[in-house]
Structure formats: structure tokens, C-alpha cells
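The block underneath contains the structure these notes are about, expressed in C-alpha cells.
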Amino acid sequence: MNGVRIEGVRKAYGALDVLHGIDIDIEDGEFVTLVGPSGCGKSTLLRMIAGLETISDGTINIAGRVVNEVAPKDRDIAMVFQNYALYPHMTVAQNMGFSLKLRGVDALKIKSAVEAAAEILDLSKLLERYPKQLSGGQRQRVAMGRAIVRDPEVFLFDEPLSNLDAKLRVQMRSEIKGLHQRLKTTTIYVTHDQIEAMTMADKIVVMRDGRVEQVGKPLDLYDRPANLFVAGFIGSPSMNFLPATMSAGSVRMADGIALPAGARADAGNAPQQVMYGIRPEHIAVAAEGIPATVSLVEPTGAETVLSFAIGKETLTAVVRDRLSVQPGDQVFLQFQQGAEHLFDAASGARLA
Amino acid sequence: MPRSKLDAAARRNRILANTIVIALAIITLLPFLWFVVMSFKPADDIFAGIDGFFFTPTLENYTSLWNDRFAGSMLNSFITSSVSTILALVIGTPGAYALSRATMKQERTFSLLILASRMAPPVAFAIPYFLVYRYMGLLDTRTGLILVYLTFNLALVVWLMRNFFDATPRALEEAAWIDGASLWKTFMVIVLPMSGPALVTTAILCFLYSWNDFFFALTLTRNNAMTAPVEVVNFMNYEGWEWGKIAAGGTLIMVPVLAFSLLMRKYLVAGMTAGAVKG
Amino acid sequence: MENRRRDVAVNAVGHAAKAGKTPAFERQRQRFFWLLLAPVLAILAVVTLLPTLYLLVTSFTPLNLANPATAWDFSDPLVNYRTLLTDDRLHNSFWVQAKLSVVTVVLQLLFGLVVALLLNMRTPLMNALRTSFLVPMVLPPIVVAIIWKVLYSPDISPAWWLFQLLGWNVQTPITDASWALTAIIVADTWEWFPFTMIIILAALAMMPEEQREAAEVDGASIWQLTWYITLPYLKGTLLVAGLFRLIDSIKTFPLIYILTDGGPGSVTEVSNYYIFVQSFSFSYIGYSAAVTMVLLAMIVVLSWVIIRAVSGGSNAQE
């Protein structure tokens with residue numbers, strides 16, 4: 001098969017395991033993001049795919065070939081580094097053409113390949129400049145240009161946007177996505193920013209502590225997170241969690257407040273400790289429902305972020321209407337039907 | 001306290017401090033300036049006591065040096081210092097790179113070795129070198145001096161360049177590997193060209209250390225390979241005490257040193273504490 | 001092409017790659033690094049390790065250049081080390097060394113600190129003058145020695161003109177047994193206080209502003225600020241700078257060679273100089289080698305202390 005297949009990959013530094021057996025299938029042409037908090041092993045995994053870190057166990061397969069023993073230059077990959085890693089003593093054109101030059105491609109062909117890539121990335125006017133004469137966004141483009149020129153089997157991105165300011169990040173995000181839609185090259189993209197992951201990926205791999213927590217399409221992860229970690233990690237502001245007990249068809253918080261759980265709580269088993277999850281955008285202020293006290297009102301213009309106290313717990317809601325509530329007000333909350341998530345309190349795994 | 005009063009006090013302090021610094025600077029520079037001025041004095045005025053305070057500057061001390069063997073010893077100084085510097089750079093830079101990038105267990109041992117070779121009194125090397133050179137006929141040769149200078153230059157290059165490589169991001173090399181460059185090519189085409197400024201700095205430091213050397217030149221040369229520092233001292237021994245020539249010779253020796261070191265004073269400390277402090 | 005084929009060949013086994021086996025690229029890298037390192041290690045061994053070994057070997061012989069047969073005479077290997085225990089001139093040289101080292105290090109730390117604290121006010125004038133304080137340190141040591149020879153020579157020294165004007169009859173200190181060492185200490189302090197100064201200045205530049213500002217807000221005077229905030233901050237730096245100067249002071253040579261030649265008598269004869277005299281004036285190479293070994297041992301211990309102090313100091317700062 002084409003694409004990338006990662007099977008049982010482990011990474012150990014001495015006695016310390018940083019990756020505990022990772023399995024990921026990436027199909028040809030797919031855009032996959034590896035996302036997770038820092039230290040989860042996502043960058044290490046990417047560097048193992050690139051051949052910059054050794055593989056302690058398991059195999060990595062690129063385009064139908066096991067590459068464990070293959071040097072980086074022979075893996076047919078291109079990588080965009082976090083700090084761009086542009087060669088400071090080469091012009092933009094030389095940076096972009098370096099790999100072709102090393103492969104012995106003749107100068108004319110290099111020139112046309114570089115110019116074509118520069119065209120795509122809007123770098124044509126900058127080809128004779130040196131990296132230090134470029135802005136952050138331009139450097140980012142050159143780094144991408146260097147990857148494109150090679151026409152590799154796989155693009156690897158290692159947190160490429162983390163050094164850009166917020167506005168430029170959004171812009172580059174859509175540029176990279178546009179580029180992928182155009183080139184259809186298999187892409188593996190590492191980020192710690194879940195919004196980046198959500199907006200760009202065909203498939204997201206959520207990682208934590210050297211393990212894969214969940215693999216899936218962005219909206220699947222949002223709609224059906226496999227466990228508490230993914231539920232809390234995907235979505236912003238993050239999902240509210242309320243500790244509760246589920247028994248005989250109802251879900252109640254410690255102080256007796258009943259939470260709407262519809263059919264999911266019907267399991268007639270013994271009482272079970274659960275985490276009740278509800279996203280901020282699925283909560284509305286209504287005439288009746290769960291009683292709550294407003295503790296904070298943060299208008300952002302388009303929407304308003306509200307914090308409430310329910311019993312001993314706090315809850316965040318995002319509403320689009322401009323409500324005239326004040327901290328201290330008593331209100332009632334309505335949870336959107338069927339939007340709740342139930343997790344086992346002990347294991348964190350999703351229930352039903 | 002009212003603002004103006006505070007300002008006045010602060011200003012008084014500044015003026016006081018400035019005055020003290022000026023005085024200290026004069027005290028620091030005076031011995032050195034006196035020496036340079038002396039090199040332009042006619043012989044009579046040097047010994048004329050206070051009467052020689054005003055004098056007509058002359059270049060006679062310098063011209064008499066040129067008729068002497070001094071030019072030859074300057075050439076010796078220059079050749080031994082440069083060749084030793086270049087050798088140390090050529091051999092030491094790749095090693096420094098390897099030391100910076102490889103994961104090795106012997107690292108601590110190595111830094112102790114380098115520190116020790118920088119700390120050892122020259123006499124510890126002078127004795128064995130003297131014995132071996134006597135046997136090999138390397139006494140009083142430039143080759144002999146160049147080899148001895150490697151004892152400290154090589155350690156200096158390895159240390160300084162290693163610190164530099166430690167501070168350069170590895171991502172550039174990794175990018176080059178992925179781009180298809182071999183290890184050797186990456187070193188030559190990516191790593192070395194980026195190291196230009198560091199190489200120049202290190203080269204200057206090596207050159208200065210060799211140029212400033214007195215002890216090895218004193219003990220391992222006699223005539224042919226004698227360097228300028230020893231030659232100047234020789235003006236003190238025979239032919240009487242030719243202070244004018246001594247001052248002129250000394251000035252010539254220190255001019256390149258002063259120029260270079262003040263140009264790169266930022267790196268001076270890094271060189272001097274090589275072996276213990278990461279520059 | 002060659003490479004590709006080998007990679008494919010390796011691939012067949014690659015599947016069975018298990019933990020602990022280093023992949024080809026990694027092996028290649030390690031081999032490459034050793035290849036780069038080998039020349040340095042080889043040459044460093046030849047130019048520093050071998051001579052040191054030879055020095056050690058020689059220290060077990062009574063080698064005297066006047067009598068070449070003594071070069072490989074190991075009949076009484078410890079003779080030099082026994083002699084060294086009863087050599088009064090050597091013991092005196094250690095004592096002179098101790099006096100010279102301790103006094104110069106203390107003075108250099110003191111002057112370096114004072115000038116650095118002043119210069120740290122960083123007025124435009126000071127920034128302009130800062131470089132001039134470095135001059136003594138960057139001059140070739142031999143030139144420094146000659147400069148002070150001039151200053152200590154009554155017939156050409158400007159100082160003696162002044163004494164003459166004042167009608168004082170001053171002896172030059174370098175031929176006066178009770179002042180010769182002081183003369184050297186003065187010159188050495190002048191030469192090397194810039195070193196401590198520049199290190200302290202560098203440390204001061206890195207001192208977090210907030211510490212000073214917080215104290216200023218608390219109403220500390222400039223003296224209190226210096227005593228309670230700045231000096232404790234500089235403790236590690238002073239220690240390291242002092243240790244460096246201590247080790248380097250053992251190597252003091254040109255000043256003594258030019259100014260006093262170890263005299264009068266042996267009042268300025270430090271160990272390093274004594275070795276020089278024994279080996280290169282008297283040709284007692286075997287004995288000099290033994291003394292050098294002792295000196296080297298002391299320096300290795302001091303270097304070790306420095307490495308400990310430096311790593312300890314940087315830990316404290318983190």
C-alpha cells in the first residue's frame with residue numbers, strides 16, 4: 001500500500017519509555033495531524049518517521065517499504081521544521097533547490113522547479129533574498145517551498161506555525177490546507193494546538209504520555225470522544241465535567257441535582273460513578289431547568305462566555321444571545337438534548 | 001523626597017563616579033602610554049630625566065630595528081603563530097563538531113583533559129619537548145615551535161568551537177540530511193559556512209596566544225627560529241640596554257595584539273576560561 | 001545508487017530489527033563522528049599526553065644534560081622525590097608562590113570588583129572608557145614585564161622623576177629584598193585585574209533587574225543594595241574568577257624573568273621559576289621533572305575544584 005503505516009512503534013531512552021507501542025495507518029494523500037500536550041511524544045514520533053530518531057521497536061512503513069534502516073535522505077520525505085531550519089548562507093532559491101542539486105538534477109530543471117514552487121507560495125520576488133531578510137511568514141513559506149520542490153512521498157510538519165503571531169497563524173493554516181488540497185501529498189502534521197488540528201486534518205491522532213488516545217475524523221472526535229482526555233482536549237472552551245452517580249435511569253450529582261441523560265442512563269445496572277460531560281456551546285439559559293448561579297460574564301462580542309455555579313461545581317457556557325445577566329443572578333440552565341457525554345469515573349472511558 | 005532633590009543627588013553621584021573612573025583609566029593606561037611614547041624618543045631624551053619630557057618624536061628607534069635581526073624574528077613569530085593556528089583549526093574544528101553532536105560517555109574526561117592542558121605550566125611541556133627536540137634536531141626550528149603551540153591551540157579550538165556548535169540548532173543539519181546531503185557534505189556545505197564568525201574569532205585567539213608566547217620561544221629556540229618577544233628581551237642583555245629599541249620592538253609586538261583583542265573583547269573571556277565555563 | 005541497493009538489502013533484515021540494535025544511519029553517524037574526532041585525539045595524545053608521560057618517566061631518573069648516560073638510569077627511581085622533600089630552596093619557592101598567589105588574587109578580585117561596580121553604572125563616558133581597562137590584560141605578557149621594568153628603573157622611570165622633584169631618595173624595589181615581591185605583586189595586579197573585572201561585569205550584566213528594583217522600592221541605599229543584593233549575587237562569579245587567577249598565577253613567568261630574575265637571593269623565586277632555573281640553567285632535568293609533576297598534581301586538583309565550583313555555581317543560578 002502507499003501512505004504511511006506505523007506498527008507497534010516504541011521509543012526508549014535507556015530505561016525511559018517515551019512511546020509505548022504506537023499503531024497508526026495513514027492512507028495515501030491523507031492529511032493527518034498528531035496532536036497532544038507537550039511531552040506526549042508526537043514530535044518524537046514524527047522525527048522517527050523522518051529517520052532523525054532511531055526506532056526502538058516496531059516498524060515504520062512508507063509507501064510499502066519498511067524504512068527502519070533507511071537513512072533520512074532515502075526515505076523520500078520532506079520536512080518543515082518548527083524554526084524553519086533555512087540555511088542562512090543560501091538565498092531563498094538556493095535553499096529551495098538544495099535537495100535537487102544534491103540529487104544531481106541539472107541547473108535548468110532546478111530553476112524551473114524552484115520557480116514553480118515560488119509561484120504557488122507567492123515567493124517569486126524573494127528568490128534572491130537571504131533568510132535573514134525575510135519576515136516570519138515569508139520564512140515559513142520558504143520552508144514549505146523547500147519541501148514542495150522535492151515532490152516527496154510524504155510531507156512532515158513539526159509545529160510549523162508555533163513561531164508566528166496569531167493572525168499570521170490563521171492565514172498560514174488555510175494556506176497549508178489549500179496547498180494540500182492542491183498537491184494531495186500525504187501529510188503528517190504535528191501540533192499542540194487542537195484548533196489547528198481540527199481545522200486542517202482529514203484525520204486526527206490524539207496522543208498523551210506516549211500513547212494514542214484516539215484516532216478519527218475531526219468531527220467524530222468532537223462528537224464522540226473516546227475518553228475524558230480527548231473530550232477535554234478537543235473543543236474550546238473545553239467540555240464541562242460534572243461528577244455524578246448513574247443509577248436506575250437517572251444521573252444525579254452528589255447534591256441530588258438531576259442531569260438530563262435521556263436514553264443513555266437507562267442501563268438498569270448497579271449505581272455507577274460517572275463523569276457527565278457537556279460542551280459549553282450546548283448549554284442555554286432558560287425559564288426552567290437546572291438551577292445555577294451566575295459567577296462570571298465575559299462578552300467577546302459575537303458570543304458571551306458565562307460561568308455558573310451548580311452546587312459545588314462550576315460550569316462554562318457559550319451563548320450567542322446577549323443576555324442581561326449579572327454575577328450573582330439565579331438562573332436556570334437547559335442542556336441540549338442528546339449532547340451529553342458519559343464517561344466512567346474510574347477509567348475515563350466513554351460509556352455507550 | 002522631591003524629585004529635583006533626588007535628581008541633584010543622583011547627578012552628583014554620577015559626576016563623582018565618572019571622575020573616579022577617569023582617574024582609574026588614566027592610572028591604568030599611563031604605564032602603557034609611557035612605553036609607547038618612549039619608543040618615539042631620541043636616545044638622549046630617554047635618559048634626560050624630567051628634561052626629556054618634551055622631545056621631538058623620531059622614528060630612529062624603529063628604523064634601527066629594521067636594520068637589525070628583528071624583522072626576521074617578527075617573521076618567525078608570524079609564521080609559527082599562523083601555521084599553528086591553521087593546523088589547530090583544520091584538525092580541531094571537525095573534532096569539536098563531532099564532540100558536540102555525538103553522544104559520548106567520555107565527555108567529562110575530555111573536558112578535564114582540555115582544561116588541564118590549558119592550565120599546565122608551560123615548563124611541564126618545555127622539559128619533555130626540549131629533550132625530544134634535542135634528539136630529533138627540532139630545537140631552534142619553526143616546526144618545533146609550531147608543534148608546541150598545538151598543545152594549547154588545539155585544546156582552545158576544540159573547546160571554543162564545541163561551545164559554538166552546541167549553540168547552533170541541529171535542525172539545519174537534519175534538514176540537510178533529509179534534503180539528501182551525506183554527513184560529510186552536511187558538515188562542509190551547511191555547518192562550516194555557518195561557522196565563519198566563530199572560526200575567525202577562534203583563529204584570532206589562537207594566533208594571539210601563540211604570538212604572545214615567550215616561554216617556549218625562550219627555551220626551545222636559540223637563533224634561527226627566535227620569535228620577536230625573545231628578540232626584544234635580548235636587547236636587554238648584550239649591546240647594553242637599548243631602551244629605545246626595546247620600546248619600539250615591544251610596541252611593534254603589541255600593536256596587532258591590541259588591535260585584534262579590542263576588536264573582539266567579547267570573546268576574550270571565553271578563550272581565557274576555556275575548559276570550565278561555557279562561553 | 002550503491003547506497004540504495006545496500007539499503008534494500010538491509011531492509012530485508014530490517015523487519016527483524018529489535019530493540020538494542022542500532023540502525024544503519026545511526027551507526028554511520030557514530031562512525032563519522034569518530035572519524036572526525038580521531039585526528040584530534042591522536043594529535044592531542046602525541047603533543048600533550050606523550051610529553052607528560054615522558055616527563056613522568058624522566059622524573060624517575062637523575063637526568064643531567066651534562067651526563068647523557070643518566071637519561072635512562074632507573075637504578076634509584078625515587079631519588080628526585082626524596083631530594084624534593086629536603087630541598088629548602090624548593091620549599092621557599094612554594095612559600096613565595098603562596099604569598100604571591102594569595103595576595104595578587106585578593107587584590108585583583110578587589111580592584112576588579114570595585115572597577116566593575118563603578119563601570120556597571122554604565123554612563124556614556126564609562127561605556128566609552130570601558131575598553132581602556134582591558135588594555136593591561138591583552139598586552140603580550142612579555143611587554144607588560146618590560147613596561148614595569150621601565151617603571152622600576154630609576155634612570156628612565158617617570159616615577160623617579162617625581163621622587164627627584166620631591167627630593168626623595170628612593171631605592172628601586174626590584175633589587176631590594178624586602179620590596180621585590182611587592183613590586184611583582186603590583187605589576188601582576190595591574191596586568192590581571194581586568195580579567196576579574198570583565199568577568200564580574202559580565203555577571204552584573206546578566207543580573208536580573210527586578211532584584212535591584214525590588215530592593216530600591218524597599219528603600220535600600222546604594223550601599224545596602226551593593227552589600228545585600230549585588231555581592232551575594234556575585235559570590236559564585238568571584239569564586240570562579242579567583243580560582244582561575246589562582247591557577248594562572250602559578251604560571252607567572254615573564255614578570256619574574258624580566259624584573260627580578262628570581263632575586264634578590266631567592267625572595268621572588270616561585271616554583272615555576274625554580275623549575276626553569278634547575279632545568280634550563282643548571283640542566284638538572286630529572287629533578288626538575290619531579291618538581292613539575294608535583295606542581296602538575298596541584299594544578300589538576302585546583303582544576304577539579306574549578307569544574308566542581310562552576311557546575312555548582314551554575315546549578316545555584318538555575
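For the numbers below, each heavy atom of this structure counts, side chains included, while hydrogens, waters and symmetry mates do not. Here is the naming used below: chain letters follow the sequence lines, and residue numbers restart at 1 for every chain. In this text, all values refer to a predicted model and were calculated from it rather than measured experimentally.
The contact between A/L86 and chain B is made entirely by backbone atoms, counting heavy-atom distances below 4.5 Å. Only the side chain of A/F81 comes within contact range of chain B, judged by heavy atoms closer than 4.5 Å. Both the backbone and the side chain of A/I77 come within contact range of chain B, judged by heavy atoms closer than 4.5 Å.
Shortest non-hydrogen contact noted between B/D179 and A/L102 is O-CD1, 3.7 Å. Of all non-hydrogen atoms in B/L172 and A/Y87, the two that sit nearest each other are O-CE2, 3.5 Å. Of all heavy-atom pairs spanning B/G180 and A/R103, the tightest one is CA-NH1, 4.0 Å. Taking all atoms of both residues into account, the shortest heavy-atom contact from B/A181 to A/K73 is O-CD, 4.2 Å. A pairwise comparison of heavy atoms in B/I178 and A/R150 identifies O-NH1, 2.6 Å as the closest pair.
Heavy-atom contacts from other residues, nucleotides or ligands closer than 6.0 Å to OH of B/Y62 number more than 12.
Using a 4.5 Å heavy-atom cut-off against chain B, no residue of residues 107-125 of chain A qualifies as contacting.
Here the CE atom belonging to A/M79 is positioned 6.5 Å from the CD atom belonging to B/E174, to the nearest 0.5 angstrom.
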Could you check B/V189 against A/M90 for side chain to side chain contact (heavy atoms under 4.5 Å, CB included), going step by step and ending with a plain yes or no?
CA-CA 10 Å; B/V189 179; A/M90 297 186 191; 4.0 Å; yes
